[in-house]
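Data first, discussion second: the structure below is written as structure tokens.
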Protein chains: 2
Amino acid sequence: MELRHIRYFLAVAEELNFTRAARRIGIGQPPLSNQIRDLEEEIGASLFRRMPHGAELTQAGQVFLPEARAIVAKAEQAKALALRAARGELGRLRIGFTGSAAFSPIVPSSVRSFRRAYPEIDLTLEEAYTTRLLERLGAEELDAVFIRPGHADPPSFRSHTLAEEAMMIALPSGHPLAGAESLPLSALSGEPFVLFPRTAGPGLFDRIVAACRQAGFEPILGQVAPQITSIANLIAVELGVSVVPSAIAQIRVPGVTYIAIAGDGPVARLTLATRREERSAVVQNFIARVLAAKVELV
Amino acid sequence: MELRHIRYFLAVAEELNFTRAARRIGIGQPPLSNQIRDLEEEIGASLFRRMPHGAELTQAGQVFLPEARAIVAKAEQAKALALRAARGELGRLRIGFTGSAAFSPIVPSSVRSFRRAYPEIDLTLEEAYTTRLLERLGAEELDAVFIRPGHADPPSFRSHTLAEEAMMIALPSGHPLAGAESLPLSALSGEPFVLFPRTAGPGLFDRIVAACRQAGFEPILGQVAPQITSIANLIAVELGVSVVPSAIAQIRVPGVTYIAIAGDGPVARLTLATRREERSAVVQNFIARVLAAKVELV
DNA sequence: TTTGTTCATATCTTAAAGATATCACGCTGC
DNA sequence: GCAGCGTGATATCTTTAAGATATGAACAAA
């Protein structure tokens, strides 16, 4: 059985006349009769009662009619759905982001904008460290990740720089320096640093350490924060000081004071990474939305 | 697009390898590649990403996959449904019956038995006069009718005799003859008869009149009953007497007494009529059930 | 009866599905 | 680095089956 048989059946069922149905399809009457006969043989039942005046549906034909219509409609729909999926209007997008990226306005605003523009895309959001995100991106478990990149981008990924954020010093409010307007990074020499594990995000980690060295001291690594968002809480209980992207400084935790860095401070880059061989229209559309949001937010 | 394209797509989507899929289908790899290419061109999107190791589904392909499965399944189902309909297991049966037939045990019992045996047949039951039932049967608005036939069966119908019921005299309980064990029909001469209109069921009507004439008198036609079931009510208010099939005598209405007819009384035949050219398996199955019920009820 | 429908049958043509042979590409293993 | 294997694509030929054309049989209406 082929869709042709079903389409021909529908024509005859609607015209109740082989000759007219054949004309409507654009073939001759004998081949149409043949095709219907073949269909009936395959089903094992006759679908039409042939009369001198035309044809009428048998009970089998009457039952087959709505099914036939549904099949043809479903085939059309399948075609349309596949095309929409190819255009990136339909499908799935798995986004990853680091804890700190979530606080950069471009991340929530671009995700929101994409969601509105493509409501039929099944969105998944997942938070993890930069390292883990890149692993999952490479394993095709994620499609696009917002990360804090290192100096060298891995060649199998494509990176889009979204922001170069200044960083700020985070101090316990009771700290002697907490009242300052701004401080040079060197003011933190001798203070224990509360930082995330280097393996979680070597890019940002190394930038902070490098900036300290440039400022003339080696940072003392103290308490390790399991998540970048928990740094503030550890500082509040006076476990040390830190340097965080200014986006993170939005988290106003009682007992923590943020102070601008005077002079050349470290810069936290935020990028969107995708697989270099990525062809999917969904991801392309998402990249376009994110870059549009970047321009808007300037 | 043909079902062939969809079947081939499914094979490749399941094997993720053109060569193996082709082997599974039983054709060569080049024609399979051609068919998939044709399908992709028709849809307007590529469904597979060809790799040196095999193939993988694009987003469009992933969306198309469940649709393709559904289409193939629906086609199989449509075939099976049509076959079941041809076997008379599926479809519709429109049954008609006269008011008096409903009280003959064979009618409810055969309908019930058919309903149990073929639960997926959509049954319609309709009560009307014999004349109207035959009209509707001829117009293909009904498929099988239980009627009280005349002497000559119309040639376009096929009749199955189901029962030859004796008839009984129906009297108001206050009537002087109401106490008798049995009465000859001639006892009713001079009494006004409560009968249904002749046009409603000329067969039964004429039998009653003929029986009266044979008993030596011309029945006086009195009150006309709109339905055979309302004859009893009209007799109860003493509008006359009547002669009814003994099945009807089951309706015990206060104020009505039924008395057996002594000697040669009229006989009420009950038949099942269908169209002579009827081919439908549903109707054939129903006839078989009714005839089986007839044997059982003896 | 004749004429004009209907659909079925028979034969031929043609389009397209499929077979066969070959190629280019990329991975794997020596 | 290069041979060997497995992948899908391309090119050409064959065969199947869809469709065209001509005709026939059955029935209805004029």
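The sequence lines fix the lettering, A, B, ..., with proteins before strands; numbering per chain opens at 1.
Protein atom CG of L3(A) is 14 Å distant from nucleotide atom P of dA18(D), rounded to whole Å. Distance, L32(A) CG to dA18(D) P: 12 Å, rounded to whole Å. Rounded to whole Å, the distance from CE on M1(A) to P on dA18(D) is 14 Å. What separates CD1 of I36(B) from C1' of dG8(D) is a distance of 12 Å, to the nearest Å.
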Which side-chain N or O atoms in residues 19-31 of chain A pair as donor and acceptor under 3.5 Å with protein atoms at least two apart or in another chain?
residue	atom	partner	partner atom	Å
R24(A)	NH1	E15(A)	OE2	3.2
R24(A)	NH2	E14(A)	OE1	2.8
Q29(A)	NE2	S33(A)	OG	3.1

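Note on F48(A): nothing from the nucleic acid sits closer than 4.0 angstrom, heavy atoms only.
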K74(A) and E67(B): CA distance, side-chain angles, deciding distance, salt bridge (Lys or Arg N to Asp or Glu O under 4.0 Å) verdict: CA-CA 8 Å; K74(A) 197 138 189 57; E67(B) 303 294 314; 3.2 Å; yes
Test salt bridge (Lys or Arg N to Asp or Glu O under 4.0 Å) applied to R50(A) and E40(A), step by step: CA-CA 13 Å; R50(A) 277 77 163 171; E40(A) 290 176 324; 2.9 Å; yes
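In this structure, N17(A) and V12(A) have side chains that are not in contact, with every pair of non-hydrogen atoms separated by 4.5 Å or more. Looking only at side-chain heavy atoms (C-beta outward), L39(A) and Y8(A) stay at 4.5 Å or farther from each other.
Using a 30° and 60° split on the angle between ring planes, F48(A) and F9(A) fall in the tilted class, from 30° to 60°.
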Any N/O pairs under 3.5 Å between the protein and nucleotides 2-7 of chain D? List them or say none.
residue	atom	partner	partner atom	Å
dT7(D)	OP1	N17(B)	ND2	2.9
dT7(D)	O4'	P52(B)	O	2.9

Show the distances under 3.5 angstrom between N or O atoms of the protein and N or O atoms of nucleotides 15-17 of chain D.
none

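Under the 3.5 Å distance criterion, the side-chain polar atoms of R7(B) are left unmatched by any main-chain donor or acceptor of E2(B). Judged by distance alone, with hydrogens and angles left aside, the side-chain atoms of R92(B) form no donor-acceptor pair with the main-chain N or O of V282(B) at under 3.5 Å.
The side-chain hydrogen bond (donor to acceptor under 3.5 Å, both in side chains) search around K79(B) returns E42(A), not counting sequence neighbours. Annotation: side-chain hydrogen bond (donor to acceptor under 3.5 Å, both in side chains) contacts of E41(B) (sequence neighbours excluded): none.
Bounding nucleotides for the chain B contact on DNA chain C, 5' to 3', at a heavy-atom distance below 4.0 Å, are dA17(C) to dC27(C).
Using a 3.5 Å distance cut-off with no hydrogens or angles, the side chains of R148(B) and T130(B) do not pair a donor with an acceptor.
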